[in-house]
Amino acid sequence: MDAILLQILNGLDKGGAYALIALGLTLVFGTLGVVNFAHGALFMLGAFCAVTLQQLLTISKRVKDESITFFDAYKETPYLEIWFGDTGKTIIDFSVPLSILLAIPVMLLIGFVMERGLIRFFYKRPHAEQILVTFGLAIVLQEVIKAQFGANPVPQAAPDFVAGSADIGLWFGLGEGLVYPWWRLIYLGFAAVVITLVFSFLQFTTYGMVVRAGMQDRETVGLLGINIQRRFTVVFGIAAVVAGLAGVMYTPILPPDYHMGMDFLVLSFVVVVVGGMGSLPGAVAAGFLLGILQSFSSMNEIKSLIPGIDQIILYLVAVVILLVRPRGLLGRRGVME
Amino acid sequence: MAQLWHRNDLLLMGVFTLAVLAMPLWLAPFGAGYPDLLQKLAIYGIFAIGFNILFGLTGYLSFGHAAFLGVGSYAAVWSFKLFTMNVLPAVLFGTLLAGVFAALIGFISLRRSGIYFSILTLAFAQMSYNLAYSVLTPITNGETGLQLTQSDPRIIDRLYVEATSGLPSTELFGLKMSGYPGFYFCAAILIIAFFFSVRIFNSPFGVKLLAIKSNQTRMGYTGYNTRPYLLVAFVISGMYAGLAGSLLAVTDPLAGAERMQWTASGEVVLMTILGGAGTLIGPLLGAGLIKYFENVFSAYNEAVLHQIFAMLPDWLQSAMVFVVNPFVGEGWHLTLGALFVLIVIFLPGGIMEGIRRLSSLVRRIIARSRRDGLQAA
């Protein structure tokens, strides 16, 4: 029982990341009709926002270590700590959550620049060329990051007070065996919040309503005198922010390196296809579903039954879905079938 | 006899054969006249030609072609391990097995078109890659890569010669396949592969593939079932990839799963687009340029750059080195990515379209100057 619950949590957790990336991917596809292979790179850029902030906060000075008296010892002390003492320490400790504040404007800007500078010239071009140009862009972005931060993963730490594990078992009276890392729980909650925000933005605001109308029929919306193009650019920015935030919060779980975006991109495309191209609830549902499937297939009991299933399950599901129900689980009839 | 050969084709084949065979000569001044790189140029040329038969003619963008390359490599190395160090069976074996794989994957993937086809092929390639790393380790030797060992059976070779202490090298009836003989073997196969691709481009089959690219629905209305044609093109293209993979194993008998990763599939897409998809020479040009610059550029570092810009005044020299340095050496992928983006935006036809535009420009200028000359007279 514990093991199953644990796998479900694991799956939801992984699914949270998939869902966030796939949500942005689908949003861009549904509004602009562009297949964005650089979306994984946006996830990676978000993660490196966290790295940047951490490096900025810990700019250090060599200070004489007073506790050692036998010889002259020096240690690196961050300026923040020198200036603010313990407050500074706390700020550094919270660098990952603080990075969210940095990531939102940065990713919004990157999204706008990308859309205005490159993507908008590709609305009318075939999907193959959209894939190619965004693929090239992804290479450029990840090489820039590699040149700046090096090829090795840069580990990031979650704040100290959530470093350990939560006794979920005790909360629900299921025994002490069931513990789960705090940060992963937080990630799950964070994913849920972001997804809810995006959906309520689209569902409950006038702006979002116009965007949805534009997704249905952009020409008519344009004829009503609304500059739908500008709203779609904003949506691209939002998609970039969502991917970036997913990246920021993922850094304590997986130390970011320059090609993490590509790894996630392939998987999130699988998610989008399974959920249905252009369907937002589909992307989220498929994200969580595939996450859970993946974590269950990596249980030893199942692996011994079908060896190697954990490696291919997602792709297998995608292949079956594409062949049996090409519009995806929740896709609209006739959209990209 | 029907017109089997247009004169232009004969000329093209002749020039191509000469150019390929003389590659060691005319590439030497560019610092590429060594067999290791030449072999790579020829092999990736074959890979790109094959990819072009699918993408250039039918417009189906496969993002999983590296899987076939990997299958070809593994099959060839197994042929070395089990049967003989002779390269012919290895190449044959690798090509055929890749063909079988392509038939299987193509049969399923070709049920969809457009972006779904790309994702399906990508999914299959990733599956092969993941399996090669994990469960199939007995066949692929996982992360270490499949290598020759002393204890390999090599049944056919054992009939003739005793096992010696060192590892044997690949050979073609006694001729060792390293260095220039290896290159000429690859070059000969490249010429044959190119010959076939020219024939396919000019055949009724090739025209049908082009028709599928321009309008598949209309092709269906005229009474053609398009799927068998697509499948044949996919299998041929997969066999080219398998051929290239087995040649990689011939020149260096080692096969690793990273050859199947989707970045490797992306590379052949880059090559084909860069050179010009749908043209005969373009993919070859693209493959050659990418492999050449990969080898040459990645060797550059700051010291080499300082030498290159040595004739400039000091401040300018430092500035140039500062500007160029991020784009060479480790960062050469950045150059590649940026170049690729520019090509897709401004020259969707690749280098070949660039050449065509240039030559028509030159022709127009010549015509105008001649007209002006006449008017003056």
Side-chain angles (χ1 to χ4, degrees), chain A residues 29 35 37-38 118 121-122 125-148 150-151 258-259 262-263 265-267 269-270 272-274 277 303 306-323 326-328 336-337, chain B residues 55 59-61 63-64 105 108-109 111-137 213 261-263 266-267 269-270 272-274 277 325-327 329-346 348:
Chain A
F29 183 79
V35 181
F37 259 50
L118 184 68
F121 302 108
F122 279 80
R125 299 244 208 139
H127 283 313
E129 284 183 17
Q130 295 170 353
I131 293 178
L132 293 171
V133 80
T134 46
F135 178 57
L137 183 66
I139 295 177
V140 171
L141 288 177
Q142 74 179 34
E143 288 304 315
V144 168
I145 289 296
K146 186 176 151 195
Q148 187 60 38
Y258 69 99
H259 55 73
M262 285 289 187
D263 304 340
L265 175 80
V266 178
L267 290 176
F269 256 107
V270 167
V272 169
V273 165
V274 169
M277 227 37 191
K303 265 202 284 194
I306 319 166
I309 187 71
D310 56 320
Q311 301 287 332
I312 60 169
I313 179 79
L314 295 190
Y315 305 107
L316 215 55
V317 171
V319 168
V320 171
I321 289 275
L322 274 184
L323 295 178
R327 71 179 121 125
M336 289 286 292
E337 272 198 57
Chain B
F55 180 60
Y60 275 63
L61 176 60
F63 247 93
I105 294 181
I108 300 175
S109 307
R111 282 157 187 274
R112 300 269 150 250
S113 59
I115 175 182
Y116 288 127
F117 174 79
S118 303
I119 292 174
L120 272 174
T121 46
L122 182 59
F124 277 113
Q126 282 299 98
M127 272 199 253
S128 331
Y129 169 71
N130 286 347
L131 287 180
Y133 253 125
S134 58
V135 205
L136 295 181
T137 306
K213 181 182 187 176
Q261 210 180 0
W262 78 285
T263 42
E267 200 182 15
V269 179
L270 293 184
T272 310
I273 305 286
L274 196 66
N325 197 34
F327 291 96
E330 292 265 291
W332 100 273
H333 270 110
L334 180 62
T335 324
L336 182 63
L339 188 67
F340 182 69
V341 171
L342 292 178
I343 289 264
V344 177
I345 297 174
F346 297 111

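The structure displayed is predicted, hence computed values, not measured ones. Naming convention: chains lettered A, B, ... in sequence-line order (proteins, then strands); numbering from 1 in each chain.
- Contact record, A/Ala138 with A/Ala38: CB-CA, 4.0 Å, taken as the closest heavy-atom pair.
- By the 4.5 Å heavy-atom criterion applied to side chains, A/Arg125 and B/Pro348 are counted as neighbours.
- Neither the backbone nor the side chain of A/Ala147 comes within contact range of chain B; no heavy atoms are under 4.5 Å apart.
- The most heavy-atom pairs under 4.5 Å with chain A, out of B/Val269, B/Ile345, B/Leu122, B/Ile273, come from B/Ile345.
- In this structure, the side chains of A/Phe122 and B/Val344 come closer than 4.5 Å at one or more pairs of heavy atoms.
- The candidate with the highest count of non-hydrogen atom pairs below 4.5 Å against chain A, out of B/Phe63, B/Tyr133, B/Phe124, B/Tyr129, is B/Phe63.
- Interface remark: B/Leu342 contributes no atoms to any contact with chain A (heavy atom separation under 4.5 Å).
- Of the listed residues (B/Val135, B/Leu131, B/Leu61), the one with the most heavy-atom contacts under 4.5 Å to chain A is B/Val135.
- With a 4.5 angstrom heavy-atom cutoff, A/Leu265 touches chain B only via side-chain atoms.
- In this structure, B/Leu336 and A/Ile139 have side chains that are not in contact, with every pair of non-hydrogen atoms separated by 4.5 Å or more.
- By the 4.5 Å heavy-atom criterion applied to side chains, A/Gln130 and B/Ile115 are not counted as neighbours.
- Residue A/Leu141 does not touch chain B at all, counting heavy-atom pairs closer than 4.5 Å.
- For A/Leu132, the parts lying near chain B are the backbone and the side chain together; criterion is any non-hydrogen pair under 4.5 Å.
- Scored by the side chain to side chain contact (heavy atoms under 4.5 Å, CB included) test, A/Val273 finds A/Leu322, B/Tyr116, B/Ile119 as partners (sequence neighbours excluded).
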